[in-house]
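Proteins come first, then strands; the chains are lettered A, B, ... in the order of their sequence lines, and each starts at number 1. Small disclaimer: the values here were computed from a predicted structure and weren't measured.
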Amino acid sequence: MDIVKGVIFNIQGYSIHDGPGIRTLVFLKGCPLRCLWCDNPESQSPHVEVEFFQDKCIKCGKCLTVCEQDAINKDLSCKTEEKIDRSLCNNCLKCAGACTTQALSQIGEVYTVSQLMQKLLKDAPFWRKSGGGVTLSGGDPLRQPRFARALLQELYDRNINTTLETMGYAPRKTFRSVIELADLILFDIKHIDDDTHKKLTGVSNKLILENLKEAIKMGKSVIIRVPSIPTYNLTTSNITATVKVAKEQGICEIHFMPFHQLGKDKYSRLGQRYQLGHLNTLSYDDPMIKEAIQIAQSHGLKAQAGG
Amino acid sequence: MARALLEERGEKFWWERAKVTWNGTLFDQMILKPNDPDALPAMQRIAKLREECVQAYKDGKTKLTTVMAKIITESYKQTEGEHLAIRRALAMREVFRKIPIPLSKYQLLAGTYASELGVEEFNPELTGPGARHAFLADIQKKNERLSGLDTASLSTGTFVTKEDEKIFQEEIYPYWEGRTFGAHRLREMKRNYPETYQYYENSNWLPPIRGGGGSLYHTIQDYIFVARKGLEGIKEEIRKHITELDPAHPTGLEEFERRNLYEAMIIAAEGMIEYANRCADQAEELSKTEKDPERARELAKIAEICRKVPAKPAETWWEALQSVHFLHMGQVLVEQDDSNSYGNFDQYMYPLLKNDLEDGTITLKEAQELLECFYCKHVEARVGMSGRGRQGNTRITIGGQDAAGRDQTNLLTRMCLEAQTHVHLHNPCLTFRIHRNTSDEYLRMALEVVRTGGGFPYLCSDEAIITGLLAMGIPLAEARNWADCGCQEVLLDPNMVPGVDSNGRTNTGFSNGVAPIELALWNGVNPFNGKQAGPKTGDPRTFKTFDEFKEAVRKQLECAIKHNVIVNNVNEALHPMFHPHVFHDLMHPGPRNTGIDIDAGGCVYNWAGNLNVGTANMGDIMTAIDYLIYEKKEVTWDQMLDALKNNWEGYEELRQKCINAPKYGAADPYADDHTNEILQMFFDIWESFNVTRKFGPSTNDRGPFICGLISMDTHMRHGEVTGATPDGRKAGEYLAAACSPSQYAPALGPTATHISAARAIDTAHTVNGVIFNQKFSPTAVISDREVSKWMDLVKTYVEMGGQQVNYNIVARETLLEAQKNPEKYMDLWVRVGGYSARFVDLSKELQDEIIARTEQSL
């Protein structure tokens, strides 16, 4: 039997806003959506890739000598986003391996479940004390369903509380097989209107909304999370529609995640363009967030800003 | 002025101006709340007192005055030929008789640590570490001859007026040349221990012994017994001891010494009583002319109390606070040392408070107001060390257990926490003990206070500290009565177990733990000055195994530590010979009963404590060498030594390998275990030496040397003289502070750092203290639920063996400062909306955004 492996791009201890207690967040690489506001663009591709930190580069030129694809910019002082020609790059990681300062650095590491558990379990005393556990996030863990399931199974066997953050965009069978082992689902809803959803995320929300129903049918605890982006989805009509869907499904809790610009720097490092640079960050008590909370509360939902 | 200042700011309290989170369990139960009209006058009084103190330190410069130095010098001129203990006592009494007594018009407690509010006195006899150096060093620049008096210059925090400089030059210095503690030590070291003297000259272990000196820092006096008995009662006791001496049938020469010390203690006690009476006279005078009838009544009451204590037994809360303050202030003034701490204040003071409350002598609000007046006393003037500022490290310990292991938190514990939030200054410092029976409620309140910023209270684990004390051989019941002192040095609290005191001589110097490892790299040659400082332990290029390198390090450490031990033992021998600690002796039950000076072994338990600097670097250097040279074989010694010699210039690639080797602070067992092992070696060597003083009530065993991992700001000074090191650090860069990870450790967040600290540091060997400082973003601890998770973080750390942690909740100003000086804030973590990063790694734009967010969330 082959051993299932996963690509993980970050592990974050002392996470206190993504489920009960003190949690360790595991970020699985790969996402089927391409949300305009994505703050983890490095999570989108399911593969290991390379990002470039201009400020760490000592311009030694080693990367040029190892790259067989001719994808590295000959000009060592080029702009961050022009460092690697992504159309030529095959993610062989040779440049990251050669780079001594980690200016070119590998995003994503391949793990077996047991390798990953070894890392995660260091935090176990904190989970046990606080009633916390592990949260699978991403990307979307559904993009690596076999690995996500195997990891959840392992955590379940060790009686470790699990939370799964997902967009719910996967075939029903896949969706079921992953979420059935998680103790809590943080279910992202980006927009209720299908056309807008397509425009903002690149995919239809039909499957997502069906899977939301499926999760409820399975008896899972679900909290809705809405990344709240002014003018894009943080509108009275969309929030009302979202809250209504939640209400219909008997969901009791909704979190509005105020828009922030903390992913901004990452785009150029990946050679990508970011489209929401013009928007202002929202504070947790921004009137728009407050209004959203009010709408949710008026429908009898428990609502808050942030996780 | 203070009033005007407050009004100018719309009478806002500090927490309103700073916009800190001001809610939670403690805040709900507060005794003094601003919206309570009955509490407002008390709160305004405290705010004004606080403002006076802040004003005094506004520009970071304190006036160093010669008022006390002159009194002492004149006294000594008149007592030539007397016994040394008597001379010291007479000089102390002169100070108590003559020093001006400033009294803030808002204070309810009298007596202070200097001749004016906000200034610093110094005792020329003990010229030693700290702010006093600045004065002497400034003058020394103009007059090289002064070098015998004092040379070490640590502080820039003081200034001297022209008049004071003249007095120093003409009246003080000429008398003291060659007679100070520093001068005695210098002569002694040069003549009798030239090898040790030379080691200090050539190595970077500690600064050279050219001046320095000092008092006995870090002590806990038995305040409550002296206050309850009264100094007159104590004098009676001492007289009784004298009558027990029979000069017609002496048992030894020391009996004649003891008699002199007893007499000296009585003189010092009388001086203290006279000082209190002067305070009473002054208050009485003031009350007669005071126009405000309320203040006149207060002054009359102050006079009445000062007339009574500390001479007579303190019977009420107010009297007890005044008496304990006199005893602390008196000692700090004449002995001129810092970190004299109060011990388990909430336990031993509570019965007095309880009595007053029960019989209606006082209301709870009045009691709290007095307690906060007591707090404010500690910032009225600057004393002792406090290199970078202000009076230092008077510690109050709260939240402990009794000898039977029962939780002792009480109303006063909460009141101390409340006082900390209201006064919120650098002194007194607060330590909260955590043990298996600590209630959730008290831990929560403690963290709510931490959340207001400033780092207090420190959180210390009874489990770790008591284990360490037991390992030293101290009985359980006494170990359970430990208290925190100074930074985090541990002492037995004589306020808890009558008569059981300790002299932990907790500072044998902040030694540079990296220096001996550096010497092992260069066959004993100090690259900083090219001198053969340590033994020739071999060229590392010839070392076939990591163990051979470790052996070289061991030999260098043994050499450094042995010399350090010699200096310490000479220090403690010189004090009773030349400068007996008369007031300490009066205030410690051991010396008071035996007539043996505190530095001659008068206390029941005795030891000395090292403070190690550069802990993370030590571990990381050993890790990098083993990992890169021996295990992975990626680097040769030739390459490593060439790179270090060239301070990495031309070796950036190698340096990056070193930086990326496993590091302490990342929950990486490889690095944590290497750190643990080098520390273990360090502990073993220190523990193999002993002091001259005995250990325990019925033994002739000598006390041990123990270790602490504390740096204060000396990691900067040591870093400046330390060359490039194999952990990737460049020459001259600061060492890592205390137990913090180095700036090169990957930033993996608080669980990783807590795990590393708990694993790398075997706290059974760190009774002399651990400072594990963590910076937290205020956004991580706003809600009650976040505080609950934070409590679980602390509890887990304690369960894993952690000894101490203090959390600095980072204010907006700190973030701005970190933008300007990123190198100082490598351990600053920010967390916003599920995204967390090292603040300094973020772009300016993102940093600005986080600063904006921090503001909003406050």
Side-chain angles (χ1 to χ4, degrees), chain A residues 10-18 20-25 27 39-40 53-56 58 60 62 98-103 119 122-132 135 137 165 227 257-266 268 277 280-286 304-307, chain B residues 651-660 666-669 746 748-756 758-759 776 779-783 785-800 829-837 841-843 845-846 848-850 852-853 855-857:
Chain A
N10 193 10
I11 298 169
Q12 182 178 290
Y14 201 68
S15 292
I16 52 173
H17 298 121
D18 301 281
I22 295 171
R23 310 194 71 82
T24 304
L25 243 67
F27 292 88
D39 64 352
N40 283 334
F53 294 85
Q54 183 72 265
D55 53 340
K56 291 187 189 169
I58 54 171
C60 67
K62 277 224 169 74
C99 180
T100 50
T101 65
Q102 296 180 328
K119 277 212 157 181
K122 285 178 190 169
D123 280 349
F126 298 97
W127 308 331
R128 300 278 185 217
K129 176 64 75 182
S130 66
T135 296
S137 183
E165 186 178 13
M257 317 301 283
F259 173 74
H260 61 78
Q261 289 287 18
L262 297 168
K264 193 174 181 179
D265 285 356
K266 297 177 178 178
S268 53
N280 287 330
T281 287
L282 288 188
S283 74
Y284 279 58
D285 53 5
D286 189 277
Q304 67 188 54
Chain B
Y651 295 87
E652 188 54 36
E653 194 183 331
L654 174 55
R655 178 165 176 258
Q656 291 301 327
K657 273 188 190 163
C658 292
I659 288 173
N660 293 320
D668 181 333
L748 300 179
T751 52
T753 52
H754 285 71
I755 290 168
S756 276
R759 184 176 176 111
F776 257 44
T779 52
V781 289
I782 295 168
S783 70
R785 196 169 157 81
E786 285 162 337
V787 173
S788 303
K789 295 184 185 190
W790 187 16
M791 284 163 60
D792 290 334
L793 176 74
V794 175
K795 285 196 218 164
T796 312
Y797 168 69
V798 163
E799 275 180 19
M800 291 192 298
W829 266 77
V830 287
R831 187 180 292 275
V832 182
Y835 178 96
S836 61
D841 288 346
L842 302 170
S843 69
E845 208 180 346
L846 287 185
D848 288 342
E849 170 152 351
I850 286 170
R853 283 213 151 193
E855 216 172 5
Q856 286 159 354
S857 56

>> Before you tell me yes or no, could you show the steps for B/Arg655 and B/Glu652 under salt bridge (charged side-chain N to carboxylate O under 4.0 Å, His left out), namely the whole-Å CA-CA distance, both residues' side-chain angles and the distance that decides it to 0.1 Å?
In response: CA-CA 5 Å; B/Arg655 178 165 176 258; B/Glu652 188 54 36; 3.4 Å; yes
Picking from [options], which has the most non-hydrogen pairs under 4.5 angstrom with chain B?
| options | value |
| --- | --- |
| A/Gly131, A/Cys99, A/Cys60, A/Ser130 | A/Ser130 |
| A/Lys129, A/Lys264, A/Gln102 | A/Lys129 |
| A/Pro20, A/Gly307, A/Gly306 | A/Pro20 |

> With a 4.5 angstrom heavy-atom cut-off, which part of B/Met800 approaches chain A: side chain, backbone, both or neither?
Replying inline: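 Interface part for B/Met800: side chain.
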> Looking at B/Glu799, B/His754, B/Lys657, which makes the most heavy-atom pairs under 4.5 Å with chain A?
Replying inline: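 Highest number of heavy-atom pairs under 4.5 Å: B/Glu799.
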>> Show the nearest heavy-atom pair for residues A/Ile22 and B/Leu793, with the distance to one decimal.
In response: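 That closest heavy-atom pairing would be CD1-N, 3.7 Å.
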> How far does CG of A/Asp286 sit from CZ of A/Phe259, to the nearest 0.5 angstrom?
Replying inline: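 Result: 12.0 Å between the selected atoms.
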>> Keeping B/Ser756 on the side-chain end and B/Ala667 on the backbone end, is there a donor-acceptor pair under 3.5 Å?
In response: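 Side chain of B/Ser756 to backbone of B/Ala667, a donor-acceptor pair under 3.5 Å: yes, one is there.
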> At a heavy-atom separation under 4.5 Å, does A/Lys56 approach chain B through its side chain, its backbone, both, or neither?
Replying inline: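 For A/Lys56, neither part sits under 4.5 Å from chain B.
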> Is the closest side-chain donor-acceptor distance between A/Thr100 and B/Gln656 under 3.5 Å?
Replying inline: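 A/Thr100 vs B/Gln656: no donor-acceptor pair found between side chains.
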